[in-house]
Amino acid sequence: MTAGRNATILQVAVPCPIPGTFDYRAPADFTGTVAPGQRVQVPFGRRQVVGVLVGCSDTSALPENKLRRATAILDESPLLSADVLELARWAADYYHHPIGEVFATLLPTALRQGKPARRRPPEAWRLTEAGRAISIASLGRRAPRQAALLEQAADAAAEGVTAETLRDTGGDWRTALNALVEKGLLEACPPPRTRPTPERPSLNEEQQAACDALMDMVESHGVALLDGVTGSGKTEVYLRVIADVLQRDRQVLVLVPEIGLTPQLVRRFRQRLPGRLVSLHSGLSDGERLDAWLAAATGEADVIVGTRSALFTPLARPGLLVIDEEHDLSFKQQDGFRYHARDLAVVRARRLGVPVVLGSATPAMESLHNAERGRYQHLRLTRRAGVAQPPTVHLLDLRGQRLTAGLSEPLIARMRKNLEEGGQSLLFLNRRGYAPVLLCHDCGWVAECPRCDARLTWHQAANRLRCHHCGHETMVHRQCGDCGSIDLRPIGQGTEQLEQTLESLFPDVPIARIDRDSTRRKGAMEHLLARARSGEARILLGTQMLAKGHHLPDVSLVGLLDCDQGLFGTDFHGSERMAQLITQVSGRAGRAQRPGEVLLQTHHPEHPLLQLLLRDGYPAFARACMEERAAALLPPFSHLALLRAEAVQPEAPRQFLQAARELAASVAAREVGIMGPVPAPMERRAGRYRAQLLLQCRTRKPLHITLSRLGEALQTLSAARRVRWSLDVDPQEMI
DNA sequence: AGCACGCCGACT
DNA sequence: GTCGGCGTGCTC
């Protein structure tokens, strides 16, 4: 697909929700070269937009007089590599999403806005003579940012601390840096080329075997599912293989879940890996993100660590893709272009001819299925690395138990004993705020969100009622909205209340609460985790946030306050999620010398899946789950697509989907099942009514064909104007 | 998605 | 008499 000498027609993907590309003539005075992957500024309707050139041609389906001239070619050479162009095209086709919007989501903001693709020169700073002499403590509390920066510079010593390292933490570090340079404590220095490889911990037999298998793959390609129990040392395996790839002068792209990308993780990677590492996290400014992206594209960066969207980063010399915690939901984009980064990583790696490693302690059913069918190489790590012992796990039957803010007596007793023994306790509660319901004791009225089918959560500290689904927020009513009674009572408990109760149950015991509210401030998460790791905090409590990958060596007791969510949900993914959560959470217990204990509070201790998970572990659960899925013809034994619709008018989504259903039925392949339309599990959200139509098929092909035809037909459906609709291929949640 | 055109209600 | 509501159409 290269530009021919006479190629005059530019095929441009334009950021708008119309499928297909748009043809343009080259700019009037244009003498340079054109090649797919360059950005083009084009007139589009009445405005100017930035599109991506995806091809050139001598001819157009449109008459000459309909074609307009491109305004400018924005890049001298292609910005996107051929493989990313191919991937975007493939993804647009697979997810039935307009190609222009696919490019709009994969380009960094600065490039989407037409800014020049110029990379800032790499920078680094080191301590001056005066800087080495100064006591960091003297900067003290007055300038914590400056103090932290000096400390980093001291750690980096003569090599200097790089801009890339400073960006890991996010936020404004420039101001502090400039101040320190001004004071003569720091000076610019040439950025270090490579870092010495530090010593490596030894591997156990399983880790070694996994490493060997992966290194064999590096020679060729393929997909490996690295299925390792928590604490089995998956990261060590990644590090070895990555180092091996780096040695071959190839780049490595590492994708991690959204909350998994912490400065702590990046620091560990930096310490262990030679070469240049850039991280692509949400705390970067547009300019910083562009810089990191270009470093990857030009090949200046050797390791790229990022979340979902980093998958589309061009790589000059690709060698390996790693998807850590591959089962994590955050790899699937939940709006707009609903791609799954893990699935696309497999596609991209195959096209690049490089291996891809999917790592998890609790693999997704899809991945296990692929491993079973021999599509993926299944590498297992069954033993905890080092001296770590597996924890003991018990169910606590909540039926008839007296509860204190959701804590059963046995759990409180175990926590007390654990604290006495000097252990650290970790409690999970998947509900933030003080109480999920505020009830009028006189008439039964409850505070509800005016825009959603949901209750408002009472946040005591802020004294606000908040909707966790749409962000709606109000002052706490002094009186009942219905009868005027002032007897309003919080029902149920969230992390805020749990923290308060724990403070009174265990006075003088330092507690750290980690949830979205307590970590909203920049660096708050790091600070709380540091308190947890240092052992200063004896009780840690939090939401799912706390379940992901943080290394907390002293935790010896883990309590899951409510593991019944997901057991009886509407979404068939529910039990898989529950098992993953329980397993991940349990893995937090007893990672070091201390054997851990896990207590699961439940009202359904007899639930077969729960029993199975406890008795025989995640693999056994997965087999049972798989059998259920096979019997019900659910994924991975069939393929799903969801047509979602929402509108302010209550009836519009259903009317649209009914019309869509008829359309689908008329174009559908024989094998495709159509179900619905049905209201979404939460029908009203953020003031919009939502409904969905489900399409299902044993094999991918007929479903895909049906979706293509349906997508096309929907473009011209008049009812489509009255709703916001989207197609979700391989939906991960039915919300 | 944006943006304009166009045709009906309550305001200066 | 106009300002502005959102239905409809179009973007190479």
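A note on names: the letters A, B, ... follow the listed sequences, proteins ahead of strands, and every chain is numbered from 1.
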Inset, instruction - Scan A:Leu67 against the nucleic acid and name what it touches under 4.0 Å (heavy atoms): base, sugar-phosphate only, or nothing. - result: sugar-phosphate
Inset, instruction - Scan A:Pro15 against the nucleic acid and name what it touches under 4.0 Å (heavy atoms): base, sugar-phosphate only, or nothing. - result: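 Result for A:Pro15 = nothing.
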Inset, instruction - Please figure out whether A:Glu101 or A:Arg46 has its closest DNA chain B nucleotide nearer the 5' end. - result: A:Glu101
Just the rounded figure in Å: distance from [atom2] of [N] to [atom1] of [X].
| X | N | atom1 | atom2 | answer |
| --- | --- | --- | --- | --- |
| A:Ile99 | C:dT11 | CD1 | C1' | 18 Å |
| A:Ile18 | C:dC10 | CD1 | P | 11 Å |
| A:Phe44 | B:dG2 | CZ | P | 11 Å |
| A:Ile9 | C:dC12 | CD1 | C1' | 9 Å |
| A:Leu10 | C:dC12 | CG | C1' | 11 Å |
| A:Phe22 | C:dC12 | CZ | C1' | 6 Å |
| A:Arg47 | B:dC3 | CZ | P | 6 Å |
| A:Arg724 | C:dG7 | CZ | P | 15 Å |

Legend entry - A:Thr262, A:Thr307, A:Asp168 screened by side-chain hydrogen bond (donor to acceptor under 3.5 Å, both in side chains) with A:Ser279, the one that passes: A:Asp168
Legend entry - Residue that, paired with A:Arg432, satisfies side-chain hydrogen bond (donor to acceptor under 3.5 Å, both in side chains) out of A:Thr543, A:Asp517, A:Asp515: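 For A:Arg432, the side-chain hydrogen bond (donor to acceptor under 3.5 Å, both in side chains) test succeeds with only one of A:Thr543, A:Asp517, A:Asp515, which is A:Asp517.
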Inset, instruction - Tell me, with the steps shown, if A:Asp453 and A:Arg685 meet salt bridge (Lys or Arg N to Asp or Glu O under 4.0 Å). - result: CA-CA 7 Å; A:Asp453 293 328; A:Arg685 186 174 174 155; over 6 Å; no
Legend entry - A:Arg721 side chain near C:dT8 phosphate (N/O to OP1/OP2, under 4.0 Å): no
Legend entry - Residue pair A:Glu671 / A:Thr699, side-chain donor-acceptor N/O under 3.5 Å: no
